[in-house]
**Q** 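Structure in structure tokens, see below.
To find a chain, count down the sequence lines: A is the first, B the second, and so on, and within it residues start at 1. What's counted below: heavy atoms across the whole structure, side chains too, no hydrogens, waters or symmetry copies.
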Number of protein chains: 2
Amino acid sequence: MSTQRGPEATRERLLQAAANLFAERGFHGTTARDIAGRGAVNLAAGHYHFGSKKDLYLEVLRAEFSKVRRELSRRRVIRPPAELDRLSRPQLMKLLLTRTEVMMAMLIGPPPSLHSTLMQREMCDPSEALPVIVAEFIQPMMEELEQILQRLAPGIGAEVVESCAFSMVGQALFYRFTMPAWLHIKRRTSYPRDLARTVAAHITEFSLGGLERLAHQHGRQGAK
Amino acid sequence: MSTQRGPEATRERLLQAAANLFAERGFHGTTARDIAGRGAVNLAAGHYHFGSKKDLYLEVLRAEFSKVRRELSRRRVIRPPAELDRLSRPQLMKLLLTRTEVMMAMLIGPPPSLHSTLMQREMCDPSEALPVIVAEFIQPMMEELEQILQRLAPGIGAEVVESCAFSMVGQALFYRFTMPAWLHIKRRTSYPRDLARTVAAHITEFSLGGLERLAHQHGRQGAK
DNA sequence: GCACGTATGAAACATTTGTTTTAAACATTT
DNA sequence: AAATGTTTAAAACAAATGTTTCATACGTGC
């Protein structure tokens, strides 16, 4: 498979190799020769198929986050809002847990996903691909998350709901963005196999508590 | 000041220029000539004073996080544990808010601090400086945070306390690590001036709710 | 089978990169 | 003031980098 022939296959191998290397070492840390080597293609192939290293990078991100979008749809993370209205409170809580588990699985795996690593790098050095990441990954996750939270705490305003969604995403991203520090503190070389599930459970409970407190606080403020 | 003479001043200007550029563009994105240019020193000065680009980078991180440690002490973020025992519950909650405000101020400013940007980059490409960052910045913050949380929810175990501390730090780091996406979504070019305080207040309330819920859950589990 | 647009391979090119060299300027001591 | 060790300056170096060139192989239409 990795040695398949044909122009289509070459392009695909290039994208694959470039995606892995850009994730591993970043844009500046990856050389055109590295990519050609790992993809087992000629050095000139990159420029022939994509024009430049920068364009290859952008194409990698577009391809990768197009995959993510499809994956989110496949896992039914993006649902029609009306569907949520039919759920009871325990069902909503269960859904919130499931959603968080999906998010954690995408963030830290195992193995850690390529696109979350690429996203992390884009947050250090934003490029023209940032809008793609926001539109294909961040916004969809945020939107349904906010809908769930809104229904779990009907009293509170949209701004507070958004802050709570940020709080949840922040807790999840923590394990992706600070992995090296976490591993160093825990003297490990990789995350425990079931960390994604464990952490998802914690985040969900923690956030339900936070949401409840803010609902009360907001309710009191709104009442007086 | 930037044109001061003498070997000491040259070294200092080099460190300063290098710190800013490494934060702005990362290690691979910064060239020795960039640094020499911004520091208004000769190209060879870097190698004379530090040996190599890599060594200069490590020295920058050591210097920067040594500053951070001093700043944390100055702000009395690190307190003797016994001091906490004398505080009432409202005082502890107030302290938690203050601590979170300090953390947010260090993370997103304004302006965003150099060291938090350098830390973010180390999480993408860990180097030999990672242990320094953990020891001088992350561990001190985590430890006192855990102590406060432990006293706010005396019933729960150390592992849960640690997870809650991660949850709080994660919420705070979110605004540092995803700043480009946040700004893109909100169509802004910089964070609102008072975001640090606003967010700190939200995180504190949200987390108090989360802590409370976990305390109840854990209490019930421990009881049965 | 042959021509023609497409894709690949090997080499070369022009810059840029981190680093080194060498000499001059400076400061400090004797 | 001479000598000595330290710091700065300018130029050069070798290696690496993104990109281009050009010849060759490939596939697909007539």
**Q** Consider side chain to side chain contact (heavy atoms under 4.5 Å, CB included). Of A/Asp125, A/Val134, A/Leu130, which one does B/Pro180 pass it with?
**A** A/Leu130

**Q** Are B/Val68 and B/Met106 packed together at the side-chain level, in the sense that at least one heavy-atom pair is separated by less than 4.5 angstrom?
**A** yes

**Q** Take the protein atom OH of A/Tyr57 and the nucleotide atom P of D/dG18, then report the distance between them rounded to whole Å.
**A** 15 Å

**Q** Would you mind reading off the distance between A/Asn42 atom CG and C/dT8 atom C1', rounded to a whole angstrom?
**A** 6 Å

**Q** C/dG18, D/dT17, C/dG9: which one has an atom nearest the side-chain heavy atoms of A/Arg33?
**A** D/dT17

**Q** Please tell me which of the listed nucleotides, D/dT17, D/dT20, C/dT19, lies nearest to the side chain of A/Thr31?
**A** D/dT17

**Q** Could you tell me the separation between the CD atom of B/Glu12 and the C1' atom of D/dT8, rounded to a whole number of Å?
**A** 18 Å

**Q** Whole-Å distance between D/dT7 C1' and B/Arg13 CZ?
**A** 12 Å

**Q** Taking the six-membered ring for Trp and the full ring for Phe, Tyr or His, determine whether the centres of A/Trp182 and A/Tyr191 are under 6.0 Å apart.
**A** yes

**Q** OP1 or OP2 of C/dA7 versus the side-chain N and O atoms of A/Thr10: is any pair under 4.0 Å?
**A** no

**Q** What is the distance, to the nearest angstrom, from the CZ atom on A/Phe50 to the P atom on C/dT6?
**A** 17 Å

**Q** Flag the pair B/Arg62 and B/Asp55 as a salt bridge only when some basic side-chain nitrogen lies within less than 4.0 angstrom of an acidic carboxylate oxygen.
**A** no

**Q** Establish, from distance only, whether the side-chain atoms of B/Arg70 and B/Ser66 form a donor-acceptor pair under 3.5 Å.
**A** yes

**Q** Between D/dT19, D/dA12, C/dT8, spot the one nearest the side chain of B/Leu43, thanks.
**A** D/dA12

**Q** From C/dT6, D/dG18, D/dT7, pick the nucleotide closest to the side chain of A/Tyr48?
**A** C/dT6

**Q** D/dT8 C1' sits how many Å from B/Leu14 CG, rounded?
**A** 11 Å

**Q** If pairs are Watson-Crick or G-U with both distances under 3.5 Å, what is the dot-bracket string of DNA chain C, marking crossing pairs with [ ] and pairs to another strand with |?
**A** ||||||||||||||||||||||||||||||

**Q** Figure out the NE2/C1' separation between A/His49 and D/dT19, and round it to whole Å.
**A** 16 Å

**Q** From the list C/dT19, C/dT21, D/dG18, which nucleotide is the closest neighbour of the side chain of B/Ala44?
**A** C/dT21

**Q** Cut-off 3.5 Å, no hydrogens considered: what does the side-chain donor-acceptor table look like for residues 156-173 of chain B, sequence neighbours left out?
**A**
unit_1: B/Glu162; atom_1: OE1; unit_2: A/Lys186; atom_2: NZ; d: 2.8
unit_1: B/Glu162; atom_1: OE2; unit_2: A/Lys186; atom_2: NZ; d: 2.9
unit_1: B/Ser163; atom_1: OG; unit_2: B/Glu159; atom_2: O; d: 3.3
unit_1: B/Ser167; atom_1: OG; unit_2: A/Gln171; atom_2: OE1; d: 2.8
unit_1: B/Ser167; atom_1: OG; unit_2: A/His202; atom_2: NE2; d: 2.8
unit_1: B/Ser167; atom_1: OG; unit_2: B/Ser163; atom_2: O; d: 3.2
unit_1: B/Gln171; atom_1: OE1; unit_2: A/Ser167; atom_2: OG; d: 2.8
unit_1: B/Gln171; atom_1: NE2; unit_2: B/Ser167; atom_2: O; d: 3.2
unit_1: B/Gln171; atom_1: NE2; unit_2: B/Ser207; atom_2: OG; d: 3.1

**Q** Please determine, for the side chain of A/His47, which listed nucleotide (D/dA9, C/dT19, D/dG18) has the closest atom?
**A** D/dG18

**Q** Taking CD1 from A/Ile35 and P from D/dT17, how many angstroms apart are they, rounded to a whole number?
**A** 11 Å

**Q** Who are the side-chain contact (heavy atoms from CB on, under 4.5 Å) partners of B/Arg25, not counting sequence neighbours?
**A** B/Leu21, B/Thr30, B/Asp34, B/Arg38

